[in-house]
Amino acid sequence: MKKSLLLTATILTTLTLTSQAQAKMKAEKAIAAAEQRIVEGIKAKDSAAIMANFIADDSLFVFDATIPRQYVGASAYKKDWETFFAMAQGPNISCEMSDLSITTSGKLGFTHCIIHAAWNDKDGKKVEVTIRVTDGFQKIDGKWLIVHEHVSVPVDFNTGMADLASKP
């Protein structure tokens, strides 16, 4: 009897751990896909495609690397993207994501990555930036959405200048 109970407990524990591991892998895959959709939206200069990965209400909070310091609400952040795309000449922007790290627990997830982007400004001059992005995700109605984003660049305190070509 004891062996049977022990075997049953072991099987149930194994099934539970396997189920949790599968749920974690599924969450990480969905979040990685959301981050990649944002990169593709940047490349295509498509603010709607980008914003589909963010919570669509006024609870969204973003610290961006550009002025102003913060955006509150999805409509404000979408306008920021549209302003940026209007400055970038041509149909596309070069954008690459690297060093993506994903952590999940239940209905919350966090990512951090490095984004390198390049475009031509209104005068045709090539602009290149490397930024750091941290996203806070929440699973809402079965979909992983960004509820908080923090975009930054390192600052050289000796010069007071942003390091837009940052390397580790």
Side-chain angles (χ1 to χ4, degrees), residues 23-155 162-168:
K24 185 173 178 58
M25 287 182 358
K26 185 177 177 182
E28 290 173 357
K29 185 176 178 180
I31 289 172
E35 293 288 9
Q36 189 58 44
R37 285 191 301 270
I38 293 169
V39 168
E40 296 307 315
I42 293 168
K43 289 178 179 180
K45 297 173 67 173
D46 185 344
S47 62
I50 293 168
M51 294 307 298
N53 300 285
F54 289 81
I55 193 164
D57 62 27
D58 288 339
S59 67
L60 176 65
F61 192 90
V62 176
F63 283 126
D64 201 356
T66 60
I67 296 170
R69 173 186 67 204
Q70 64 196 42
Y71 295 90
V72 179
S75 61
Y77 196 42
K78 183 177 184 197
K79 185 176 179 188
D80 177 49
W81 278 111
E82 291 167 351
T83 300
F84 168 66
F85 292 149
M87 291 181 350
Q89 298 301 302
N92 298 351
I93 293 174
S94 170
C95 185
E96 297 176 15
M97 174 177 50
S98 63
D99 302 324
L100 178 63
S101 176
I102 302 169
T103 302
T104 63
S105 180
K107 293 186 176 197
L108 297 177
F110 295 90
T111 66
H112 60 84
C113 65
I114 303 298
I115 298 288
H116 179 80
W119 63 92
N120 291 328
D121 69 12
K122 63 182 178 186
D123 298 323
K125 180 181 171 194
K126 186 174 183 179
V127 179
E128 286 191 70
V129 298
T130 300
I131 59 173
R132 308 173 294 191
V133 180
T134 301
D135 288 325
F137 282 82
Q138 185 175 351
K139 191 171 186 181
I140 301 169
D141 297 328
K143 186 175 180 182
W144 287 97
L145 296 171
I146 298 169
V147 297
H148 178 86
E149 182 168 78
H150 189 117
V151 181
S152 66
V153 295
V155 174
D163 178 4
L164 298 177
S166 178
K167 302 279 187 239

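Predicted model, so just to flag it, every value in this text is computed and none were measured.
Checking side-chain atoms of D123 against main-chain N and O of K125 turns up no donor-acceptor pair under 3.5 Å. Under a 3.5 Å cut-off, the side chain of D80 and the backbone N or O of A76 do not form any donor-acceptor pair. Side chain of K122 to backbone of A86: no donor-acceptor contact under 3.5 angstrom is found.
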* Apply the test ring-ring contact (aromatic ring centres under 6.0 Å, His included) to residues W119 and F84: give CA-CA distance (whole Å), side-chain angles for both, the deciding distance (0.1 Å), then the verdict. => CA-CA 11 Å; W119 63 92; F84 168 66; 4.8 Å; yes
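Two residues are said to be in side-chain contact when any heavy atoms from C-beta on lie closer than 4.5 Å; H116 and T130 meet this criterion. At least one side-chain heavy atom of F85 sits under 4.5 Å from a side-chain heavy atom of I50.
Summarising the geometry, atom CD1 belonging to I93 is positioned 10.0 Å from atom CG belonging to N120; distances are rounded to the nearest 0.5 Å. Taking NZ of K43 as the reference point, atom CD1 of I38 lies at 13.5 Å (rounded to 0.5 Å). With rounding to the nearest 0.5 angstrom, the CG atom of D64 is 13.0 Å from the CZ atom of R69. I102 contributes atom CD1, which lies 13.0 Å from atom CZ of F110 (distance to the nearest 0.5 angstrom).
For A74 against L60, the heavy-atom pair with the smallest separation is CA-CD2, 3.8 Å. The nearest pair of heavy atoms linking A162 to V153 is CB-CG2, 3.6 Å. For the residue pair I114 and R132, the shortest heavy atom distance occurs at CD1-CG, 4.0 Å. M97 and V39 get closest at one heavy-atom pair: CB-CG2, 3.8 Å. Minimum interatomic distance between I115 and C95 (heavy atoms only, all atoms of both residues): CG2-SG, 3.7 Å. Minimum heavy-atom separation, P91 to K45: O-CD, 3.4 Å.
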Solution key, residues 135-150 side-chain donor-acceptor pairs under 3.5 Å, sequence neighbours excluded:
| unit_1 | atom_1 | unit_2 | atom_2 | d |
| --- | --- | --- | --- | --- |
| K143 | NZ | A52 | O | 3.2 |
| H148 | ND1 | F61 | O | 3.4 |
| E149 | OE1 | Y77 | OH | 2.4 |

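With sequence neighbours left out, E82 forms a side chain to side chain donor-acceptor pair (under 3.5 Å) with S47. For S75, there are no side chain to side chain donor-acceptor pair (under 3.5 Å) partners at least two apart in sequence or on another chain. The salt bridge (Lys or Arg N to Asp or Glu O under 4.0 Å) check on K24 picks up E28, with sequence neighbours excluded. Legend: residues meeting side chain to side chain donor-acceptor pair (under 3.5 Å) with T134, ordered by chain and number and at least two apart, are absent. Under the side chain to side chain donor-acceptor pair (under 3.5 Å) criterion, Q36 pairs with E40, sequence neighbours left out.
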